[in-house]
There are 2 protein chains.
Amino acid sequence: MKQSEIDFKKVVGKQVKKLRLKAGMTQDVLSERCGIYRTYLSRVEAGSANPTLLVMIALATSLGVHVCELFHDFDDTANDLIATLTDRQRTQ
Amino acid sequence: MKQSEIDFKKVVGKQVKKLRLKAGMTQDVLSERCGIYRTYLSRVEAGSANPTLLVMIALATSLGVHVCELFHDFDDTANDLIATLTDRQRTQ
DNA sequence: TTGTGACTTCCAGTCCGTC
DNA sequence: CGACGGACTGGAAGTCACA
């Protein structure tokens, strides 16, 4: 697996954790609220899991935020990637 | 499966398709560029697939947009959901 | 060019534990 | 309360034929 992929999962995980703590919830409460398993939520927060679209939507709505919020922090990483790809497009 | 879940996948799929056409790519080109199979991309666009975080990031970067763009259109649906959940929090 | 059915493979997600 | 490990099952993801 590429390094960037690990980063993406880690960034999303950290964001989930941050928002969860901000909302004053335990993993137990949040996991129950959005219908996923607590141990799996733990993996998501740790950045070792690769959650699906529906899981992320469930997390976002249970946290009371828009899905975009989960991706908020890797703007820089993402923009770098986009720049690289745009570059590649231009030069080929 | 709940109706709302189908909607979410459909909305994301439509957004991918819209952005792909806007970039003037065929499914074949986009799928190759982000390393997923064309027929699977077709299912994602149709809203029948439930893509993972890494797939969506690959799609977004290959399309040259931020991941948030993929969720752009279901602001209303999402906000309704959040409102419902916030309500539930308040009343329990 | 794209959509879909059918099939396989492997990981997302569940459930049990321990520390 | 949360991290982590392992074993298991269903579904994400990969592949091809065909319309």
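Letters A, B, ... are given to chains in the order of the sequence lines, protein chains preceding strands, and every chain is numbered from 1.
- For the atom pair CD1 of A:Ile57 and OG of A:Ser62, the computed distance is 11.5 Å after rounding to the nearest 0.5 Å.
- Looking at heavy atoms from C-beta onward, B:Phe8 lies out of side-chain contact with B:Phe71 at the 4.5 angstrom threshold.
- Shown here are the side chain to side chain contact (heavy atoms under 4.5 Å, CB included) partners of B:Arg20, two or more places apart in sequence or in another chain: B:Lys17, B:Met25, B:Gln27, B:Leu30, B:Glu45, B:Leu63.
- Between B:Gln15 and B:Val11, every side-chain heavy-atom pair lies at or beyond the 4.5 Å cut-off.
- Using a 4.5 Å heavy-atom threshold, the side chains of B:Ile36 and B:Leu59 count as touching.
- Checked against side-chain hydrogen bond (donor to acceptor under 3.5 Å, both in side chains), B:Ser42 has no partners two or more places apart in sequence or in another chain.
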Give me, pair by pair, the N or O atoms of the protein and of nucleotides 7-9 of chain C that are less than 3.5 Å apart, along with how far apart they are.
none

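- Distance check: A:Arg43 CZ to A:Leu41 CG gives 11.0 Å after rounding to the nearest 0.5 Å.
- Counting only residues at least two apart or in different chains, salt bridge (Lys or Arg N to Asp or Glu O under 4.0 Å) contacts with residues 53-68 of chain A are absent.
- B:Ser31 contributes atom OG, which lies 9.0 Å from atom OH of B:Tyr37 (distance to the nearest 0.5 angstrom).
- Side-chain nitrogen and oxygen atoms of A:Lys17 include at least one within less than 4.0 Å of the OP1 or OP2 phosphate oxygen of D:dA3.
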I'd like a table of atom pairs between the protein and nucleotides 4-6 of chain D - only N or O on both sides, under 3.5 Å - with the distance next to each one.
residue, atom, partner, partner atom, Å
D:dG6, O6, A:Arg43, NH2, 2.5

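- As a whole-Å value, the separation of B:Leu59 CG from D:dA13 C1' is 13 Å.
- Looking at heavy atoms from C-beta onward, B:Leu53 lies out of side-chain contact with A:Val55 at the 4.5 angstrom threshold.
- A search for side-chain hydrogen bond (donor to acceptor under 3.5 Å, both in side chains) contacts involving A:Thr52 returns B:Asn50, not counting sequence neighbours.
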Hey, what are the protein-to-nucleotides 9-12 of chain D N/O distances that come in under 3.5 Å?
residue, atom, partner, partner atom, Å
D:dA12, OP1, B:Asn50, ND2, 3.2

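- Relative to the axis of its first five pairs, the axis of the last five pairs of the helix from C:dT2-D:dA19 to C:dC19-D:dG2 sits at 40°, rounded to 10 degrees.
- For B:Met25 and C:dT2, the CE to C1' distance is 16 Å, given to the nearest whole Å.
- Sequence neighbours left out, not one pair with a member in residues 22-32 of chain B passes salt bridge (Lys or Arg N to Asp or Glu O under 4.0 Å).
- Nucleotide D:dA3 holds its C1' atom 16 Å from the CG atom of A:Leu30, rounded to whole Å.
- In this structure, A:Ile36 atom CD1 and C:dA12 atom C1' are separated by 11 Å, rounded to whole Å.
- Residue A:Asp28 contributes atom CG, which lies 14 Å from atom P of C:dT14 at whole-angstrom precision.
- For the pair B:Val44 and A:Gln27, nearest-nucleotide mapping onto DNA chain D gives the more 5' position to A:Gln27.
- Note that CD of B:Glu69 and SG of A:Cys68 are 8.5 Å apart. Values are rounded to the nearest 0.5 Å.
- Among pairs with a residue in residues 48-58 of chain A, none fulfils salt bridge (Lys or Arg N to Asp or Glu O under 4.0 Å), at least two apart in sequence or across chains.
- As rounded to whole Å, 15 Å separates atom C1' of C:dG13 from atom CG of A:Leu53.
- Nearest-nucleotide mapping onto DNA chain C: of B:Glu45 and A:Tyr37, the residue sitting toward the 5' end is B:Glu45.
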